[in-house]
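Below: the structure, in structure tokens.
Every heavy atom of this structure was used, including side-chain atoms; hydrogens, water molecules and symmetry mates were not.
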There are 2 protein chains.
Amino acid sequence: MLDAIDETIVQALAGNARMSLKELAHHVGLSSPSVSERLRRLEERDVIRGYTLDVNPKALGYQFQAIVRIRPLPGQLQAVQKLIEATPEFCECDKVTGEDCFVARLFLQSLEQLDGILDRIASKAETNTSIVKAQTIRRRLPPFPAE
Amino acid sequence: MLDAIDETIVQALAGNARMSLKELAHHVGLSSPSVSERLRRLEERDVIRGYTLDVNPKALGYQFQAIVRIRPLPGQLQAVQKLIEATPEFCECDKVTGEDCFVARLFLQSLEQLDGILDRIASKAETNTSIVKAQTIRRRLPPFPAE
DNA sequence: AGTGAAAAACGATATAT
DNA sequence: ATATATCGTTTTTCACT
């Protein structure tokens, strides 16, 4: 699917998405127009979806994070999903199989804020909240499977 | 903590981390040297931790994701954490309060792969796996709290 | 902190292999 | 699919506010 050069490019950009074409080119041993073309194709093929930031939540005033499992009450699934999406402190949310319907990540400034957010959900869903004590793995690329 | 201009810069880069200084500068109404200096300081202050990629897991051959809650057996906490870290398909892992000790995200090519990975953990921990059916919220910046 | 102007580095494009 | 050469643009540096 991806050749070794594409993999190196993706890995390098995952480490620093602002790396210049020139530096990338040097890194993989090609010319910059070649790398530019490869990048264009990686985007076109939707391998690279976008270039984004790793922001420190603490620097924005978020003191901690929580993982919340959410099980909507009967008939409330749509309403709960809308409420989650409309609550900007939910920064990640997956709809999953099993008893819990959603698993979401909350950014929080205080326990009071957590309480306020959960209160608004309480009438529509059961929730189960775990406070994040440490981030053992903080977002990483999976391996490139041999194909 | 951050002034309005820094916020605009961070938001713009969260949308496209490869945006040029010139475009950023135009966007916030400053000159490029000013934006360059602000960026330098945002990095120095550890507000911006890095510039990274949004990669499409499917394009790498990962057919689905799973959220796994992991509860180490007595005395196995360290061993379990090491095992998780050493398994590259775990792309995210938080250590949390509550009965489950870890909540992790797995990238998977097949159900067989899931089975293999869970088998290796089974002797050291109880696991509870939810397959991701949809990503309701796919990583977003929290709001900038007024301070 | 911020600017504007010059110098240096970079990226886009055209052409060729 | 890649490289080299050219050219317009962007980034950096620096003197100044």
Distance, rounded to the nearest Å, where B:Lys22 contributes NZ and C:dA9 contributes P
20 Å
By nearest atom, which of the nucleotides C:dG2, C:dG4, D:dA3 is closest to the B:Arg38 side chain?
C:dG2
Check whether any side-chain nitrogen or oxygen of B:Ser36 sits under 4.0 Å from OP1 or OP2 of D:dT11, and answer yes or no.
no
note: A:His26, atom NE2; D:dA3, atom P; distance rounded to Å ~ 13 Å
Is A:Arg40 paired with A:Glu37 through a side-chain N to carboxylate O contact shorter than 4.0 Å?
yes
Would you say C:dT3 has OP1 or OP2 under 4.0 Å from some side-chain N or O of B:Ser34?
yes
For B:Lys133, I'd like to know if atom NZ has over 12 heavy atoms of other residues, nucleotides or ligands within 6.0 Å.
yes
Need to verify one output field. Residue with the more 5' nearest nucleotide on DNA chain D, B:Leu21 or A:Leu30?
A:Leu30
Measure from the side chain of A:Ser20, starting at C-beta and using heavy atoms only, and say which of C:dC10, D:dT11, C:dT3 lies closest.
C:dC10
Can you figure out which of C:dA12, C:dA1, D:dT11 approaches the side chain of B:Arg41 most closely?
C:dA1
Heavy-atom count around A:Glu85 CD within 6.0 Å, excluding the residue itself: above 12?
yes
Would you classify A:Ser32 as touching base, sugar-phosphate or nothing, given that sugar-phosphate means primed atoms plus P, OP1 and OP2, and contacts are heavy atoms under 4.0 Å?
nothing
Could you state the CD1-C1' distance from B:Ile5 to C:dT3, rounded to the nearest angstrom?
14 Å
Should B:Arg18 and A:Glu43 count as an ion pair when the cut-off is N to O under 4.0 Å?
no
